[in-house]
Amino acid sequence: MGEINIKIGEKSYQLEKGDCLLNLIKKNLPNAKFSIVAAKENGNTIELITPIESDLNIQWISSSSEEGIRILRHSTSHIMATAVKKIFGETKVAIGPSTDDGFYYDFDSNTRFNEEDFMKIEAEMQKIIDADIPFVKTFINRKEAIEKFKKDGELYKVELIEEITDDKVSLYDNGDFTDLCRGPHIPSTGYIKAFKLLKIAGAYWRGDEKNKMLQRIYGTAFADNKSLKAYLTMIEEAKERDHRKIGKEMNLFGFYQEGPGFPFWKPNGMILYNTILDYWRKLHTDEGYQEVKTPIILNEELWHRSGHWDHYKENMYFTEIDKEAYAVKPMNCPGGLLIYRDGVHSYRELPLKIAELGLVHRHEKSGVLHGLFRVRQFTQDDAHIYCTEEQVKTEVKKVINLVQKIYNDFGFKDVHLELSTRPANSVGSDEIWEVAEKALAETLQELDLVYKLNPGDGAFYGPKIDFHIKDAIGRSWQCGTIQCDFSMPERFDISYIGADGQKHRPVMLHRAILGSIERFIGILIENFKGKFPFWLAPEQIRLLPISKNHVEYAKEIKNLLQNFNFRVKIDETEDKLGGKIKQARLDRVCYLGIIGDNELSKKTLTVRKADKEENKEVALDELSEFFNEIKNSKI
RNA sequence: GCCGGUGUAGCUCAAUGGUAGAGCAAUUCACUCGUAAUGAAUAGGUUGAGAGUUCGAUUCUCUUCACCGGCUCCA
């Protein structure tokens with residue numbers, strides 16, 4: 001038996017050939033035992049229980065690193081399966097991977113699991129963890145594995161193995177339970193220091209709705225209890241930000257049984273809505289866009305021509321007018337194209353930028369509706385740019401700049417891009433797609449922008465660049481999109497007259513920046529937790545007279561501020577100041593103006609931000625300047 | 001659409017096989033108040049809808065609608 005060298009960073013250790021890294025840790029780094037879950041060499045993960053046959057130059061994977069925690073969670077899913085099998089013996093197991101923030105395992109069981117079962121399962125899991133049972137990896141050949149799982153009645157595993165092409169498959173034993181698994185895993189169950197089962201949900205076998213619905217149990221695991229607690233707090237925090245809850249509290253919008261998926265905008269919500277549109281319109285006018293509005297219901301024939309009938313009919317609503325078939329628009333482009341076609345266009349007009357705040361309807365399955373994030377009716381901040389092929393890149397660049405300016409103004413500093421290419425079910429020739437995809441990719445490269453590639457995720461008529469923004473608690477939302485379309489111009493046979501006096505086919509860029517106004521407002525609500533920046537806040541200022549004697553003066557100030565176009569209200573209730581402040585904060589008013597004898601005699605207003613305790617006394621003739629500065633700073 | 005859960009006053013939630021209560025909000029009255037809740041009184045509900053079991057259903061059963069958590073899909 002020879003010795004081999006294990007190099008870890010600066011340090012070197014000796015190990016008996018055939019021994020494993022776990023023994024190295026036990027001997028040399030006893031304190032680190034549970035915090036190292038695996039090792040890594042050149043990007044390959046090495047489990048701590050793997051026998052080492054030659055010299056290695058490795059890094060440790062710590063249980064708190066992203067990679068380490070995934071291993072931990074994956075192993076926890078096995079432990080959960082072990083526990084479930086022990087308690088509910090006839091249960092068959094499907095798959096149990098780690099996810100971004102935890103893990104799940106899909107089960108097929110005669111028992112309907114419910115959250116009360118979690119206690120039992122968790123207790124059983126804890127027993128397994130306390131026993132520190134090793135994960136033992138074995139390889140057997142495929143046929144043998146199929147026989148084994150057939151004998152055990154684990155038909156889902158059999159189906160999985162049948163699709164594996166390797167001769168050998170790996171199994172992991174963990175006490176009473178053996179699972180087909182590629183790994184990697186932690187050496188033994190004792191590594192799990194903090195875990196919790198979270199929820200139960202149905203999930204189709206292999207994600208296909210034609211297959212059987214299995215029961216999925218979600219859970220999460222962390223390297224220590226503190227991290228688990230922090231995660232649970234974060235979930236609570238996300239709940240606090242839920243736009244459905246805040247929207248109700250702030251009277252922004254409502255959903256009623258009479259119109260599932262169709263938002264009703266209340267007065268406060270309309271202020272937000274219109275403020276956003278005013279801002280948007282001003283910016284687009286400055287950028288050379290012209291605005292149009294096209295009808296919501298159009299003849300069904302149009303949708304055959306556009307390709308929507310073939311590619312989007314499942315999501316469309318249909319109706320009948322004078323015995324003719326009509327459809328409710330799910331997108332704005334076909335209507336916009338009719339306007340373009342109405343008249344002759346010269347190359348001198350290009351690029352022609354036509355914007356439309358278009359109200360679209362899409363039939364979404366009942367189970368997917370979710371507040372403003374997933375609705376059946378929404379307004380897109382759409383625009384179609386008609387241009388020559390040569391102008392595409394320049395125009396795409398201009399749109400990207402505009403997108404970045406707008407996100408920045410709304411307080412979103414972290415934006416990432418994705419490029420999606422031709423989907424399976426698409427219209428247009430190979431050449432057209434190639435040109436379009438190339439144009440988008442090159443533009444991104446020329447701007448030196450980092451982007452993620454999503455092959456096959458494009459729209460049916462063209463490839464697209466999507467914009468994702470990150471909110472205050474790190475969640476990512478897709479909003480903007482730029483789609484390059486050579487097809488629709490062809491289908492609608494649109495043209496412009498070139499310098500040569502001949503007809504030419506323009507290219508069409510579809511683009512939206514906020515995406516859906518409804519959804520964007522939902523994102524804003526969650527990002528700001530309802531505490532909007534001054535320029536957006538439905539109620540910007542609330543005046544709080546200390547007693548009845550100050551109400552008259554408050555009205556004077558209210559008029560003054562209203563004349564300067566600020567949104568201001570007076571709290572005329574007979575509460576004490578403390579009570580009024582509390583109410584204003586609950587209502588998420590942006591600024592408070594306090595009015596008492598002091599202010600009355602000096603002709604001033606004491607201003608404070610609702611959630612800060614700093615007061616500032618502002619003279620009446622300086623009020624407009626004071627608030628305008630806040631408004632323009634967009635904070 | 002599928003799986004599971006939920007549905008009681010404007011909001012948050014109690015309760016029971018014998019037709020429902022609290023806090024906040026609302027209304028009225030008193031207090032005239034300086035930075036997160038002044039006190040009192042009043043009013044408010046076909047218990048999501050429909051059917052069934054029962055002497056009697058908000059409670060049990062079924063159907064249906066909506067919502068919540070997922071799956072699939074997506075702006």
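- Look at A/F378 and the base of B/rA75; the rings stack, centres closer than 5.5 Å and planes less than 30° apart.
- Shown here for A/Y461 and A/S487, the closest heavy-atom pair between the two residues is O-OG, 3.9 Å.
- Contacts of A/K199 with the nucleic acid, taken as non-hydrogen atoms under 4.0 Å apart, involve only primed sugar atoms and P, OP1 or OP2.
- A/G515 comes within 4.0 angstrom of no nucleic acid atom, judged by non-hydrogen atoms across all strands.
- Between A/F113 and A/F88, the ring centre distance stays below 6.0 Å.
- A/F103 does not carry A/R73 over the face of its six-membered ring by the limits of under 6.0 Å from the centre and within 45° of the normal.
- Residue A/E518 is classed as having no contact, given no heavy-atom separation below 4.0 Å to the nucleic acid.
- Not one side-chain nitrogen or oxygen of A/R374 sits closer than 4.0 Å to the OP1 or OP2 atom of B/rC73.
- With hydrogens and angles ignored, a donor-acceptor pair closer than 3.5 Å exists between the side chain of A/Y204 and the base of B/rG1.
- For B/rC74, neither phosphate oxygen OP1 nor OP2 lies less than 4.0 angstrom from any side-chain nitrogen or oxygen of A/R362.
- Taking atom CG of A/L577 as the reference point, atom C1' of B/rC33 lies 9 Å away to the nearest angstrom.
- Interface remark: the A/N615 side chain does form a donor-acceptor pair with the B/rU35 base, using a distance-only criterion of under 3.5 Å.
- The side chain of A/K365 contributes no N or O atom lying less than 4.0 Å from OP1 or OP2 of B/rC73.
- At the heavy-atom level, A/E614 lies nowhere under 4.0 Å from the strands shown.
- Using a 4.0 Å heavy-atom cutoff across all strands shown, A/Q380 reaches no nucleic acid atom at all.
- For A/Y312, no side-chain nitrogen or oxygen approaches OP1 or OP2 of B/rC73 to under 4.0 Å.
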Stepwise side chain to side chain contact (heavy atoms under 4.5 Å, CB included) check, A/I541 with A/L592: CA-CA 6 Å; A/I541 307 154; A/L592 308 181; over 6 Å; no
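- As judged by a 4.0 angstrom heavy-atom cut-off over every strand, A/G596 is placed among the base-contacting residues.
- At the heavy-atom level, A/R112 lies under 4.0 Å from the strands shown only through sugar-phosphate atoms.
- In this structure, A/G207 reaches the sugar-phosphate backbone alone: every heavy-atom distance under 4.0 Å involves primed, P, OP1 or OP2 atoms, never a base.
- Contact annotation: A/H550 does not reach the phosphate of B/rG34 (side-chain N/O to OP1 or OP2, under 4.0 Å).
- Ring centers of A/F373 and A/W477: under 6.0 Å apart, within the cut-off.
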